[in-house]
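In each ligand, atom 1 is the first atom listed, and ligand 1 is the first ligand listed. It should be emphasised that the depicted structure is a prediction, and the values quoted were computed from it without experimental measurement.
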Amino acid sequence: MISKTLRAECERVLVGNRITSTWQGRHYRYTRPAPMIYEQQWLWDSCFHAITLRWLDSAMAWDELRAVVAHQHRGGPDAGMLPHMAYWSGDAGALWPHTHCSSITQPPLVAVAAQLVHQVAPDRAALAELYPALAAYHHWWLRRRDPLGLDLVCLLHPWEAGADASPRWDVPMGFAGDAVTAHDVRSGLPAMQGTSYYANPHDNALRTARMALLKTLIAHDHDALALGEAGSFYVVPLDFNAIRCADLLALAAIAELLNLHADAAHWRVLHARSAAAIQARLAGPGYTDLLGLNATPQHMDGSALAVALVGQCLGPAGTAQAIASVRSALADAAHAPLCNHAPSAAHFAPARYWRGNVWPPLNWLAMHGLRLHGEHALANALAERTCALVQSAGLREYFNPVTGEGLGSQDHSWTALVLDMALTH
Ligand code: GLC
């Protein structure tokens with residue numbers, strides 16, 4: 001399914017984006033998402049890089065995961081958190097209260113990635129080395145991001161979702177609809193050089209609001225309850241909680257491999273509790289995210305339900321509904337795989353950043369979730385459509401589902417996931 005040329009392109013991009021660095025006297029290697037625009041290391045990107053690299057260079061795949069835990073927060077209330085960005089060159093201070101990393105996180109997929117790398121390139125010692133960091137990360141989630149004890153975790157910033165500018169965050173960011181005030185436009189940051197991401201005033205205003213939100217987080221010491229009480233961004237998203245479920249199951253499997261049976265049982269209990277909470281609170285006639293401490297349901301569209309398959313947490317009815325949602329999305333679109341925001345939904349904008357585009361990592365997650373449920377034909381269809389798009393538009397960051405045009409940065413590392421999609425076909 002994948003041509004020799006596309007395979008070679010994936011390898012070229014992953015090798016070309018490789019960075020070597022040192023931290024606390026030790027050498028590390030990681031892959032930046034894309035030259036110029038994304039020079040730092042991002043948490044979930046690196047997990048996807050490792051998943052692809054397992055087929056090309058397994059030593060590098062393990063190194064990528066070692067690098068991702070190198071900047072884990074060691075002290076303070078957020079000890080155990082894996083930062084969503086690591087600044088290996090030490091210039092995080094302009095934006096963050098740290099020199100080498102950010103103070104928020106991203107979708108937890110490190111255990112999933114480690115388990116998948118281990119399947120192709122078994123390395124028990126590497127798993128044993130990573131395990132304490134992965135366990136500390138999940139202890140952190142429980143300690144800091146479920147202040148109400150719902151067995152569901154909350155996000156405090158849209159960047160934590162990975163889907164920065166999704167219309168799902170408009171209301172919790174205080175933007176209802178596409179209305180932008182003159183003030184928002186005036187205070188908008190200049191459009192990112194070399195991209196058209198923020199050419200739209202609404203997108204630009206949202207970005208300004210995301211930057212301002214960082215100050216609120218810092219002022220409240222990143223405390224979820226205090227931020228919820230202050231009416232700041234506080235969202236419990238379906239797909240994110242399902243990804244946490246997937247990571248808990250992978251962590252349980254890793255603990256078993258390391259003969260840590262009591263730990264494995266603990267992670268499985270957390271998975272079962274979270275799955276029950278997802279089914280009780282986030283499922284309904286339609287699926288919802290929850291907003292704020294009073295857990296106001298907000299309908300969600302797009303690929304989130306399909307992505308949630310990866311957590312094996314939806315129960316029989318929810319699983320059937322999620323599989324059906326993929327089938328109907330593929331039937332409705334001529335050639336595109338899944339979009340993060342549905343073409344039929346309000347505010348669908350196929351060329352605007354995160355407002356209705358094809359994102360390779362989301363399609364990979366949905367594909368992997370379908371495989372876990374034995375839905376191989378549908379998983380293969382997603383893989384084929386994603387590969388076809390990348391074959392014609394190149395390794396771009398994301399794609400317009402209507403025209404097939406590649407958007408965002410060029411030579412984007414996570415798009416090499418098409419190699420994994422083809423090889424697990
Ligand atoms: C953008 C994406 C985020 C990703 C980063 C690097 O910020 O929204 O999900 O991790 O780019 O690719």
Side-chain angles (χ1 to χ4, degrees), residues 13-14 16-19 30-52 64 67-68 71 82-88 92 95-96 101-110 112-113 155-170 173 189 191-198 203-204 206-211 213-214 233 235 237 239-240 243 302-304 307 338-341 349 351-365 390 395-399 406-418:
V13 166
L14 287 176
N17 284 339
R18 188 167 302 165
I19 309 280
Y30 70 92
T31 312
R32 62 185 169 181
M36 310 294 288
I37 297 173
Y38 298 111
E39 287 288 335
Q40 318 301 342
Q41 183 181 23
W42 267 262
L43 172 53
W44 77 326
D45 294 68
S46 274
C47 298
F48 293 120
H49 303 159
I51 289 166
T52 307
E64 187 92 29
V68 101
H71 289 91
L82 290 176
H84 96 299
M85 286 175 73
Y87 292 67
W88 288 83
L95 207 54
W96 306 98
C101 63
S102 68
S103 57
I104 57 171
T105 192
Q106 249 188 349
L109 277 165
V110 198
V112 168
L155 305 188
L156 303 178
H157 196 289
W159 285 341
E160 295 198 311
D164 303 5
S166 166
R168 282 163 82 191
W169 321 135
D170 285 4
M173 286 300 281
L189 296 178
M192 233 189 210
Q193 266 188 356
T195 75
S196 56
Y197 291 178
Y198 305 113
D203 296 349
N204 211 13
L206 271 169
R207 182 165 198 269
T208 308
R210 289 195 294 275
M211 302 295 278
L213 178 56
L214 289 185
F233 184 95
V235 182
D239 41 354
F240 197 96
I243 289 174
S303 57
V307 165
L338 302 177
C339 302
N340 78 295
H341 190 65
R352 278 166 59 194
Y353 186 57
W354 281 113
R355 298 185 74 85
N357 338 99
V358 172
W359 291 82
L362 299 185
N363 278 282
W364 183 89
L365 285 164
V390 178
L395 272 76
R396 301 295 298 268
E397 181 181 0
Y398 60 103
F399 301 85
L407 298 166
S409 59
Q410 315 223 359
D411 287 353
H412 203 86
S413 303
W414 68 19
T415 305
L417 275 171
V418 289

Chemist: In the protein, what heavy atom is nearest to atom 6 (C) of ligand 1, and what distance, to one decimal place, separates them?
Modeler: Asp45 OD2, 3.3 Å
Chemist: Quick one: are Thr105 and Leu43 in side-chain contact, heavy atoms under 4.5 Å?
Modeler: yes
Chemist: In this structure, which one of Phe399, Tyr398, Trp359 forms a side-chain contact (heavy atoms from CB on, under 4.5 Å) with Thr415?
Modeler: Phe399
Chemist: Asp45 vs His412, test: side chain to side chain contact (heavy atoms under 4.5 Å, CB included). Steps then yes/no.
Modeler: CA-CA 10 Å; Asp45 294 68; His412 203 86; 4.0 Å; yes
Chemist: Report, in ascending order of atom number, the atoms of ligand 1 lying under 4.0 Å from any heavy atom of His412.
Modeler: 12 (O)
Chemist: Tell me whether Trp414 has any N or O atom under 3.5 angstrom from an N or O of ligand 1.
Modeler: no
Chemist: Just to confirm my output: which protein heavy-atom neighbour is closest to atom 11 (O) of ligand 1, and how far is it?
Modeler: Tyr38 CE2, 3.2 Å
Chemist: Heavy-atom pairs closer than 4.0 Å: do any link ligand 1 to the side chain of Gln106, the backbone, both, or neither?
Modeler: side chain
Chemist: Classify the ring geometry of Trp88 against Tyr30: parallel below 30°, tilted from 30° to 60°, perpendicular beyond 60°.
Modeler: parallel
Chemist: Out of Tyr353, Trp354, Phe48, indicate the one that has the non-hydrogen atom closest to atom 1 (C) of ligand 1.
Modeler: Tyr353
Chemist: Could you tell me, atom by atom, which parts of ligand 1 come under 4.0 Å of a heavy atom of Pro33?
Modeler: 6 (C), 12 (O)
Chemist: May I ask which of Ser413, Ala34, Ala165, Gly162 has a heavy atom nearer to atom 3 (C) of ligand 1 than the others do?
Modeler: Gly162
